[in-house]
Number of protein chains: 2
Amino acid sequence: MSTLSEVAAHAGVTSATVSNVLRNRGRVGEQTRKRVLEAVAALGYRPHLAARALAEGRAPTIALMVSSIANPFYPEFALAVERAARASGHFVIVCNTNQDPLAGRKYLEQIAGTLSEGVLVMNANLDFADLHQTEARGTPVVLCMWERPHDPPGLPCVAVDFRRAGELAAQHLLELGHRHIVAIVGSKRAGIHAARYEGFVDALRAAGVKLPRTCVRHAPDTIEGGYAAARDLLEAHPHTTAIFATNDLPALGSINAAFDLGRDVPTDLSVIGITDIQLAQQSRPPLTTVAVPTVEAAELAVSLLRELVERPGDLRGAARNGTRNETRHDLRNDSRGGAQKRASEAPRVCVTSEPRLMVRGSTCAPRSKGGPTKKARRG
Amino acid sequence: MSTLSEVAAHAGVTSATVSNVLRNRGRVGEQTRKRVLEAVAALGYRPHLAARALAEGRAPTIALMVSSIANPFYPEFALAVERAARASGHFVIVCNTNQDPLAGRKYLEQIAGTLSEGVLVMNANLDFADLHQTEARGTPVVLCMWERPHDPPGLPCVAVDFRRAGELAAQHLLELGHRHIVAIVGSKRAGIHAARYEGFVDALRAAGVKLPRTCVRHAPDTIEGGYAAARDLLEAHPHTTAIFATNDLPALGSINAAFDLGRDVPTDLSVIGITDIQLAQQSRPPLTTVAVPTVEAAELAVSLLRELVERPGDLRGAARNGTRNETRHDLRNDSRGGAQKRASEAPRVCVTSEPRLMVRGSTCAPRSKGGPTKKARRG
DNA sequence: GTGAAAGCGCTAACAG
DNA sequence: CTGTTAGCGCTTTCAC
């Protein structure tokens, strides 16, 4: 690991010049540039990122907070985030909160602003107060998948119209002719998945189909969770012809439950999920689901975060624009004020493109109930 | 974001004292300590990790190189790594190489030693030369899952006896009475999965069962890859009663293929894999597989890496032990020599506990072939 | 016990 | 065009 000044010495110039050459700043003579480049190559010089971070007042990393990367959806998302981050020269620190707000807070306290210049939050079950605090301290925060575009949170976010996803799922089932439908709703915690469920219920209602309370179960967002809920539901409501799950994993679990109950999917039972994780197309039968624009959301989230980092009025922006000779105290006040002001203005909301129905093998018209338009009824 | 000296000012002491209080170094008077702690709390001070990294000459992060976190095995592993790293105060930067050695090299060049103090490599398809180079530059590298404990690579590693895993799989199939067996071997690339396959073949051979070339396919480590290979194999060898895959994903794909071919698993066809990813127990039927100690490997890898970082003779160790006033040049030389010497000594190999057979629903005795001990034969 | 001071490697004015 | 000069925020000798 050679340093800038070693390179400078080797090239017979000063470190400032080497720095200029390396970052294409300021004008540098052609021959000097060449000599510097040679020295760099000769010594195998690599910039020290931590030093640069300190000098620039910004780190080349962003933190991605997820509840648990073991859930197959997150890695797909994380991969997309990493790609996007990489494209803008950033590294990604993955922070698993394991659904524990305290773990999340500890992470935020440690890395925000000192090791990462921004924070991406993906269903990490964090305390909003903590998030606001890190924002107030000058580190931008972006929520990666807000479920209700029309009901923005108090934080910048990328929103996906999950309500629409629920509607799409309902429409599909309705068009197929299903009337005996049950639902598995993920994550009891307030709000999460609520939009999906609302969209689904409303679409059913609009078609004159009811979804009684007894036909709904809350379940963890896992295959096992969906499995248990589906068994339960299927035993309580044997005439069920279709299951809607607010997430793919529970939908997959429902298929397993049907399998164990000796019911064939889709002929005896249709199953539909939401998200379209990779596994959805790899299971047997492949899962019909409403695809959510994961990659797009990841890209938007990263670019929104970058924008927030760059944006004047931001803590870092102010600090860089300010004169170095001002006292730190003044800078702090300015910037903190800026950050607070920003937080109280309406934070930005990016909306992704719409969810899309992916018809695959887990749904079909209900057996022996007549065509799609016939309305079957049963007490 | 307040700074150390702000805290110091607030407490009426100097930044050195605050530092001492915070890291429990040096003797600090009880009252001073108390005042400092109050100031810290009052200002909501958080240490600036990048600054600390620069001053200490070591970063609080490690890099985890994986080929693609989208493969469900990696997230499970990454989660375990993160937990272990966290326990030792480290953050994890996840680096997806997407199987591209160049992408891997770029990552290594950028972060190694400057943003992360060590590198964990998990099947990232990296150039060994690159790895040696980063080691020579003073950043410890640990291979996370070396497949052959008795044939160590030139780098420190955590080894898992995958040969044994292959044997275990073979024994299980043999005991069940299978004789018409085919195999799907992952990752054509030299070496990877070779041990698993060898163990499997040798165990078969020892039992007098042959595995002709035509009964083996190479396939990517994906569900689709396994699916295609299995279809192919099953069509070419209709009498097959069991499929062995060197990885769970292709094993799962084989189950799908059997499903599509109208063959019931396990009654018409037994399927066994290796690894025991979470999905294995969540599929229908649940997959019989040979479990590999993932979490243990992750923990060993992290602790081995830490050891390497700490170890005197190491670049960083030397630099910290050396006198600050020596010229940088001398330090460099010393340390580089140390690093090289270390690399040429036998690098450490940690071996995990043995793989374990997990009998689940995808295997059973072959149909109508008599009991497990009867030897069925067919041209 | 506590403070003063140097320095980690790099960047960014500003001066020449 | 290039060098000088201050730091970024923290750690760590070494005096007092």
Side-chain angles (χ1 to χ4, degrees), chain A residues 1-9 11-36 40 43 45-60 113-115 117 316 319-328 331-332, chain B residues 1-9 11-36 40 43 45-60 113-115 117 316 319-328 331-332:
Chain A
M1 299 289 295
S2 32
T3 71
L4 246 206
S5 46
E6 283 172 6
V7 174
V13 294
T14 196
S15 64
T17 303
V18 179
S19 178
N20 281 335
V21 169
L22 260 23
R23 10 190 51 233
N24 287 314
R25 288 287 179 76
R27 290 135 296 278
V28 180
E30 206 32 67
Q31 15 212 357
T32 318
R33 140 172 276 103
K34 211 181 131 217
R35 245 181 317 131
V36 167
V40 165
L43 299 186
Y45 168 80
R46 308 273 174 254
H48 192 297
L49 266 26
R52 178 178 286 179
L54 181 58
E56 284 187 318
R58 55 144 71 195
T114 70
L115 203 57
E117 71 171 4
R316 290 168 192 305
R320 307 259 20 105
N321 295 340
T323 308
R324 274 276 171 103
N325 292 337
E326 289 180 58
T327 71
R328 285 207 73 45
L331 280 178
R332 304 283 164 195
Chain B
M1 299 289 296
S2 33
T3 70
L4 246 204
S5 46
E6 283 172 6
V7 173
V13 295
T14 195
S15 62
T17 303
V18 179
S19 177
N20 281 335
V21 169
L22 258 25
R23 8 192 54 233
N24 288 313
R25 288 289 177 77
R27 293 135 295 277
V28 181
E30 206 32 65
Q31 17 212 355
T32 317
R33 139 173 277 103
K34 209 180 134 219
R35 248 182 314 132
V36 167
V40 165
L43 299 185
Y45 168 79
R46 308 274 173 254
H48 193 299
L49 266 25
R52 178 177 286 180
L54 181 58
E56 284 187 318
R58 56 144 71 195
T114 71
L115 203 57
E117 70 172 3
R316 286 165 196 305
R320 303 243 46 87
N321 295 339
T323 309
R324 274 274 170 107
N325 293 336
E326 289 180 61
T327 71
R328 283 208 75 43
L331 281 179
R332 304 281 163 195

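Just so you know, these numbers use all the heavy atoms, side chains as well, and skip hydrogens, waters and symmetry mates. In what follows, chains are A, B, ... by sequence order, proteins preceding strands, each numbered from 1. In this text the structure is predicted, and so the values were computed from the model without any measurement.
Taking atom CZ on A/R23 and atom P on D/dC1, their separation rounds to 20 Å, with Å as the unit. Nucleotide C/dC10 holds its C1' atom 13 Å from the CD atom of A/E6, rounded to whole Å. Between A/L54 atom CG and C/dC10 atom C1' there is a gap of 8 Å when expressed in whole angstrom units. Here the P atom of nucleotide D/dC1 and the CD atom of A/E30 are 10 Å apart, to the nearest Å. Atom NZ in B/K34 sits about 19 Å away from atom P in C/dG1, given to the nearest Å. With rounding to whole Å, B/R35 atom CZ is found 12 Å from C/dG1 atom C1'. What separates NE2 of A/H48 from P of C/dG7 is a distance of 17 Å, to the nearest Å. If you take CZ of A/R33 and P of D/dT2, they are 9 Å apart, rounded to a whole angstrom.
Of the listed nucleotides (D/dG3, C/dG1, D/dT12), D/dG3 has the atom at the smallest distance from the side chain of A/T14. Distance from the side chain of A/S19 is smallest for C/dT11 among the nucleotides C/dG9, D/dG3, C/dT11. The side chain of B/V28 lies closest to C/dT2, out of D/dT11, C/dA12, C/dT2. Of the candidates C/dA12, C/dG9, D/dC10, the closest approach to any side-chain atom of A/R25 belongs to C/dA12. Closest contact between the side chain of A/A16 and the listed nucleotides C/dA12, C/dG9, C/dG3 involves C/dA12. The nucleotide whose nearest atom lies closest to any side-chain atom of B/A51 is, among C/dC10, D/dC10, C/dG3, D/dC10. Checking D/dT4, D/dC8, D/dC10 against every side-chain atom of A/A55, the shortest atom distance belongs to D/dC8. Distances were taken from every side-chain heavy atom of B/T3 (C-beta onward) to each of D/dC10, D/dG3, C/dT2; the shortest belongs to D/dC10. Residue A/R52 has its side chain nearest to C/dC10 when only C/dT2, C/dC10, D/dC1 are considered.
Atom CG of A/L4 and atom CD of A/E6 lie 10.0 Å apart (nearest 0.5 Å). Here the straight-line distance linking atom OG1 of A/T114 with atom CZ of B/R52 works out to 9.0 Å at 0.5 Å rounding.
Residues forming a salt bridge (charged side-chain N to carboxylate O under 4.0 Å, His left out) with B/R46 (at least two apart in sequence, or on another chain): A/E109.
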Quiz item: Starting at the 5' end of DNA chain C, what dot-bracket string do you get if Watson-Crick and G-U pairs under 3.5 Å are bracketed, crossing pairs use [ ], other-strand pairs use | and unpaired bases use dots?
Solution: |||||||||||.||||
Practice problem: Begin with the C-alpha distance, continue with both residues' side-chain angles, and end with the deciding distance and a verdict on side-chain contact (heavy atoms from CB on, under 4.5 Å) for A/Y45 and A/L22. | Solution: CA-CA 11 Å; A/Y45 168 80; A/L22 260 23; 3.5 Å; yes
Quiz item: Which is it for A/R33 and A/N24 under the side-chain contact (heavy atoms from CB on, under 4.5 Å) test, yes or no, and what are the steps along the way?
Solution: CA-CA 10 Å; A/R33 140 172 276 103; A/N24 287 314; 3.1 Å; yes
Practice problem: Please assess B/V40 against B/V21 for the test side-chain contact (heavy atoms from CB on, under 4.5 Å), listing each intermediate value before the final yes or no. | Solution: CA-CA 10 Å; B/V40 165; B/V21 169; over 6 Å; no
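The same atom, P, is picked in D/dT2 and in C/dG9; the two are 25 Å apart, to the nearest Å.
In this structure a side-chain-to-backbone donor-acceptor pair under 3.5 Å is missing from A/S5 to A/A8. Judged by distance alone, with hydrogens and angles left aside, the side-chain atoms of A/T14 form no donor-acceptor pair with the main-chain N or O of A/T17 at under 3.5 Å.
Mapping A/S15 and B/G29 onto DNA chain C by nearest heavy atom places B/G29 at the nucleotide closer to the 5' end.
A sub-4.0 Å separation between OP1 or OP2 of C/dG1 and a side-chain N or O of B/T17 is absent.
Within the nucleic acid shown, B/R27 comes within 4.0 Å of at least one base atom, counting heavy atoms only.
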